[in-house]
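First up is the structure itself, then whatever we jot down about it.
Because the structure is a prediction, the values reported are computed rather than measured. In this chain, residues are counted from 1 in sequence order.
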Amino acid sequence: MENSTVFRLSPLIRITLLSLYTALTLPLPFLADFTNAPVPPTLLWVGIGIGFIILYAVLTERVILNESGIQVVYPPLVPKFFRKGWFLAWEDVEDLKPRTTGQGGIVYYFVSKQKKGYLLPMRVAGFARLVRIVQEKTGIDTTDVYPLSQPWMYLILLSFTLLMFLVDGWTILTALQVS
């Protein structure tokens, strides 16, 4: 069996995004009931639940590095039509190219010998170690490769999300008291 290194999505990122989703959607059924909206609160609860499951599934991505190559996989419960993983053998990696995002950040794509692009997973815990292994296996200089967003950005977002939960609590209590 090959020696593999598994990288999972950073817990800080997973907790922040799941919390933000919850903070943004939690008051909706209560507000729908309070305002007599045409959409029933039960339907909103179902939609919110499905959305949470989908978001959680997306956040279960794992990156596996071994002697053969790099692979992005999802658990068997995530349907292939929903999120497909990929595998790229080390010997097929031709280059690692930076690309600017619409928001001005930089992401990196592996370019294969077949000229196909594979997005370098940048939100994993242990990103620096992942990049070191990529450099060892491919010989590509990765000294200037940094994660798309720094942990402090997610800490700020999580802090504001926690404040949103306070506002959510007030909103929900108000909606329940008035109705």
Side-chain angles (χ1 to χ4, degrees), residues 5-65 70-86 98-109 117-131 145-179:
T5 305
V6 178
F7 295 90
R8 288 176 166 58
L9 194 71
S10 165
L12 174 62
I13 293 171
R14 185 180 298 123
I15 290 166
T16 300
L17 295 178
L18 289 171
S19 298
L20 180 61
Y21 176 83
T22 303
L24 289 171
T25 58
L26 184 66
L28 296 178
F30 297 98
L31 292 173
D33 188 40
F34 175 72
T35 62
N36 295 318
V39 179
T42 307
L43 184 61
L44 287 172
W45 282 119
V46 169
I48 290 168
I50 291 170
F52 189 89
I53 290 167
I54 290 170
L55 178 59
Y56 186 83
V58 169
L59 298 176
T60 60
E61 174 183 283
R62 290 176 301 166
V63 181
I64 302 171
L65 279 64
I70 180 170
Q71 183 176 17
V72 173
V73 298
Y74 294 88
L77 294 175
V78 178
K80 298 287 182 225
F81 69 86
F82 182 65
R83 293 294 284 189
K84 275 197 268 189
W86 53 265
R99 294 285 181 256
T100 305
T101 67
Q103 295 80 28
I106 296 177
V107 295
Y108 295 85
Y109 283 88
Y118 299 86
L119 182 64
L120 173 67
M122 301 180 79
R123 292 188 170 101
V124 296
F127 180 75
R129 184 168 165 232
L130 181 141
V131 170
V145 177
Y146 297 100
L148 180 60
S149 49
Q150 299 299 319
W152 61 266
M153 295 174 176
Y154 281 97
L155 284 171
I156 290 172
L157 183 58
L158 182 60
S159 300
F160 281 110
T161 300
L162 295 175
L163 287 174
M164 282 177 53
F165 275 120
L166 291 175
V167 174
D168 286 353
W170 173 80
T171 302
I172 291 167
L173 284 175
T174 302
L176 290 174
Q177 288 173 354
V178 174
S179 40

Is there a side-chain contact between [X] and [Y] in this structure, where contact means two heavy atoms from C-beta onward sitting under 4.5 Å apart?
X    : Y    : answer
S19  : F165 : yes
I13  : T16  : no
L130 : L120 : yes

Which residues satisfy the side-chain contact (heavy atoms from CB on, under 4.5 Å) test with [X], sequence neighbours excluded?
X    : result
I106 : P98, Y108
P11  : A125
A57  : V78, F82
V46  : I50

Crowding at OH, Y118 (>12 non-hydrogen neighbours, <6.0 Å):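 Yes, the 6.0 Å shell around OH holds more than 12 heavy atoms from other groups.
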List the atom of [X], the atom of [Y], and the distance in Å for their closest heavy-atom pair.
X    : Y    : answer
V73  : I64  : CG2-CD1, 3.7 Å
M122 : V107 : SD-CA, 3.8 Å
L9   : R14  : O-NH2, 3.6 Å
P27  : I172 : CA-CG1, 4.2 Å

Ring pair (Phe, Tyr, Trp, His ring centres under 6.0 Å) partners of residues 41-61, not counting sequence neighbours, each pair once: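 Matches after skipping sequence neighbours: F30-W45.
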Separation between [atom1] of [X] and [atom2] of [Y], rounded to the nearest 0.5 Å:
X    : Y    : atom1 : atom2 : result
L176 : D33  : CG    : CG    : 8.5 Å
L166 : T171 : CG    : OG1   : 10.5 Å
L24  : D168 : CG    : CG    : 8.0 Å
F34  : Q177 : CZ    : CD    : 11.0 Å
L59  : R8   : CG    : CZ    : 13.5 Å
I15  : T161 : CD1   : OG1   : 12.0 Å

Step-by-step side-chain contact (heavy atoms from CB on, under 4.5 Å) determination, V58 to Y74: CA-CA 8 Å; V58 169; Y74 294 88; 5.6 Å; no
Candidate pair M164 and L20, rule side-chain contact (heavy atoms from CB on, under 4.5 Å), full reasoning: CA-CA 8 Å; M164 282 177 53; L20 180 61; 4.2 Å; yes
Partner set under ring-ring contact (aromatic ring centres under 6.0 Å, His included) for Y21, not counting sequence neighbours: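 Y21 satisfies ring-ring contact (aromatic ring centres under 6.0 Å, His included) with no other residue.
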For W170, ring-ring contact (aromatic ring centres under 6.0 Å, His included) partners two or more places apart: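 Checked W170 against ring-ring contact (aromatic ring centres under 6.0 Å, His included); zero matches.
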With a cut-off of 3.5 Å and sequence neighbours excluded, list every side-chain donor-acceptor pair involving residues 145-159.
from	atom 1	to	atom 2	distance (Å)
Y154	OH	R123	NE	3.0
S159	OG	L155	O	2.9

For Q71, all residues meeting side chain to side chain donor-acceptor pair (under 3.5 Å), sequence neighbours excluded: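 By the side chain to side chain donor-acceptor pair (under 3.5 Å) rule, Q71 matches no residue at all.
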